[in-house]
Amino acid sequence: LSNLKEQDINLHLFNLKFAAKELQRNSKKCDKEEKLEKAKVKKAIQKGNMDVARIHAENAIRQKNQSVTYLRMSARVDAVAARVQTAVTMNQVTKSMAGVVKGMDVTLKSMNLEKISGLMDKFERQFETLDVQTAQMEDTMSSSTTLTTPQSQVDSLLHEMADEAGLDLNLELPQGQTGSVGASVASAEQDELSQRLARLRDQM
């Protein structure tokens with residue numbers, strides 16, 4: 001893990017997830033403060049004290065905005081934690097990413113949104129390369145899956161399952177495709193009908 005022991009990276013991951021939850025808690029605290037300020041606005045208006053009402057209204061708006069900011073940062077930190085976990089799973093923790101991880105704990109504990117935002121910026125830059133590698137791997141896996149699952153076999157299995165369920169399955173196939181299971185079934189039914197008619201003619 002590029003100079004990071006597995007237990008160390010797991011501890012850092014825990015701290016990231018803990019920070020995300022702490023930011024969520026701060027968001028909820030701001031929500032409560034917003035409600036309290038709104039109640040004070042109402043009381044001040046009822047007393048006819050508009051200057052005080054305006055001050056509490058400003059406080060309420062400030063708390064609301066702060067709540068949204070904390071919530072967004074929580075989601076961002078949580079996403080970074082997931083990406084770090086992916087990097088660990090894929091054994092793609094780079095040396096530069098390891099450096100960012102090592103220096104993050106103090107920043108997260110500070111709950112300073114500006115510092116945390118800067119830290120997330122550093123992480124996200126490290127993930128750009130990982131994104132490309134992951135996309136390439138997904139494309140390879142997708143191509144491999146497509147190559148190993150011929151459409152005719154898929155159609156055959158669909159019809160088999162439909163027959164077991166007692167259902168009539170009509171698959172829309174691309175134009176020009178021949179030899180489909182649907183065509184084979186229809187052909188077999190036609191042959192059987194022709195044989196019955198022939199037997200009836202013989203008996204007449």
Side-chain angles (χ1 to χ4, degrees), residues 1-139 142:
L1 296 177
S2 299
N3 300 325
L4 274 180
K5 294 180 181 178
E6 185 174 353
Q7 61 184 33
D8 290 336
I9 195 70
N10 287 333
L11 176 60
H12 293 309
L13 274 169
F14 173 82
N15 288 336
L16 271 171
K17 293 174 183 178
F18 181 82
K21 290 181 179 179
E22 191 66 24
L23 288 163
Q24 270 191 336
R25 281 192 284 268
N26 286 353
S27 176
K28 290 178 181 178
K29 287 178 183 177
C30 289
D31 287 339
K32 290 180 180 179
E33 289 297 324
E34 180 195 359
K35 290 178 181 178
L36 290 173
E37 291 296 334
K38 283 182 176 180
K40 292 176 181 178
V41 170
K42 186 175 181 180
K43 287 182 180 179
I45 291 174
Q46 289 172 340
K47 292 180 179 179
N49 195 336
M50 295 306 296
D51 289 338
V52 174
R54 182 173 294 277
I55 292 171
H56 288 303
E58 290 173 354
N59 289 341
I61 295 298
R62 191 178 300 110
Q63 291 294 339
K64 180 179 180 180
N65 292 337
Q66 190 74 350
S67 173
V68 172
T69 301
Y70 275 126
L71 198 58
R72 283 176 179 165
M73 189 58 67
S74 172
R76 194 177 176 191
V77 172
D78 200 41
V80 164
R83 302 298 296 282
V84 170
Q85 182 66 66
T86 298
V88 172
T89 302
M90 297 176 68
N91 197 26
Q92 291 183 337
V93 178
T94 63
K95 187 174 181 180
S96 53
M97 189 187 297
V100 177
V101 171
K102 279 185 176 180
M104 76 181 190
D105 291 346
V106 174
T107 299
L108 292 176
K109 289 176 181 178
S110 72
M111 282 290 112
N112 182 309
L113 292 180
E114 186 175 351
K115 290 182 179 179
I116 293 175
S117 180
L119 178 66
M120 295 306 104
D121 288 340
K122 290 180 181 178
F123 268 117
E124 286 158 2
R125 282 195 292 272
Q126 298 301 319
F127 293 138
E128 290 177 4
T129 302
L130 180 60
D131 280 340
V132 173
Q133 293 172 341
T134 302
Q136 289 174 341
M137 181 176 290
E138 288 175 349
D139 287 344
S142 177

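Keep in mind it's a predicted model, so treat the numbers as computed, not measured.
- In Gln46, the CD atom is crowded: over 12 heavy atoms of neighbouring residues, nucleotides or ligands sit closer than 6.0 Å.
- The minimum heavy-atom distance linking Asp31 with Ser67 is given by the pair OD1-OG, 2.6 Å.
- Note that CG of Leu108 and CG of Leu23 are 8.5 Å apart. Values are rounded to the nearest 0.5 Å.
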Give the intermediate values and the outcome of side chain to side chain contact (heavy atoms under 4.5 Å, CB included) for residues Met120 and Ile116.
-> CA-CA 6 Å; Met120 295 306 104; Ile116 293 175; 4.3 Å; yes

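- Around CZ of Arg25, the count of heavy atoms belonging to other residues, nucleotides or ligands within 6.0 Å exceeds 12.
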Apply the test side chain to side chain contact (heavy atoms under 4.5 Å, CB included) to residues Leu71 and Lys28: give CA-CA distance (whole Å), side-chain angles for both, the deciding distance (0.1 Å), then the verdict.
-> CA-CA 9 Å; Leu71 198 58; Lys28 290 178 181 178; over 6 Å; no

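- Between Val77 and Ala19, the shortest heavy-atom distance links the atoms CG1-CB, 4.3 Å.
- Salt-bridge formation is detected for the pair Arg76/Glu124: a Lys NZ or Arg NE/NH1/NH2 atom is positioned less than 4.0 Å from an Asp or Glu carboxylate oxygen.
- To the nearest 0.5 angstrom, Glu114 atom CD is 11.5 Å from Thr107 atom OG1.
- Residues Val84 and Lys17 have side chains not in contact (no heavy-atom distance under 4.5 Å, counting atoms from C-beta outward).
- Between atom CG of residue Leu119 and atom NZ of residue Lys115 there is a gap of 11.5 Å, rounded to the nearest 0.5 Å.
- Residues Ala53 and Ile45 share a closest heavy-atom pair of CB-CG1, 3.7 Å.
- Met104 and Leu13 get closest at one heavy-atom pair: CE-N, 4.4 Å.
- Rounded to the nearest 0.5 Å, atoms CD (Glu34) and CG (Asn59) are 11.0 Å apart.
- Between Lys38 atom NZ and Ile61 atom CD1 the span is 7.5 Å, to the nearest 0.5 Å.
- Listed by chain and number, the residues in a side chain to side chain contact (heavy atoms under 4.5 Å, CB included) with Asp78 are Ala20 (sequence neighbours excluded).
- Legend: residues meeting side chain to side chain contact (heavy atoms under 4.5 Å, CB included) with Glu33, ordered by chain and number and at least two apart, are Leu36, Gln63.
- Rounded to the nearest 0.5 angstrom, Ser27 OG and Arg72 CZ are separated by 11.0 Å.
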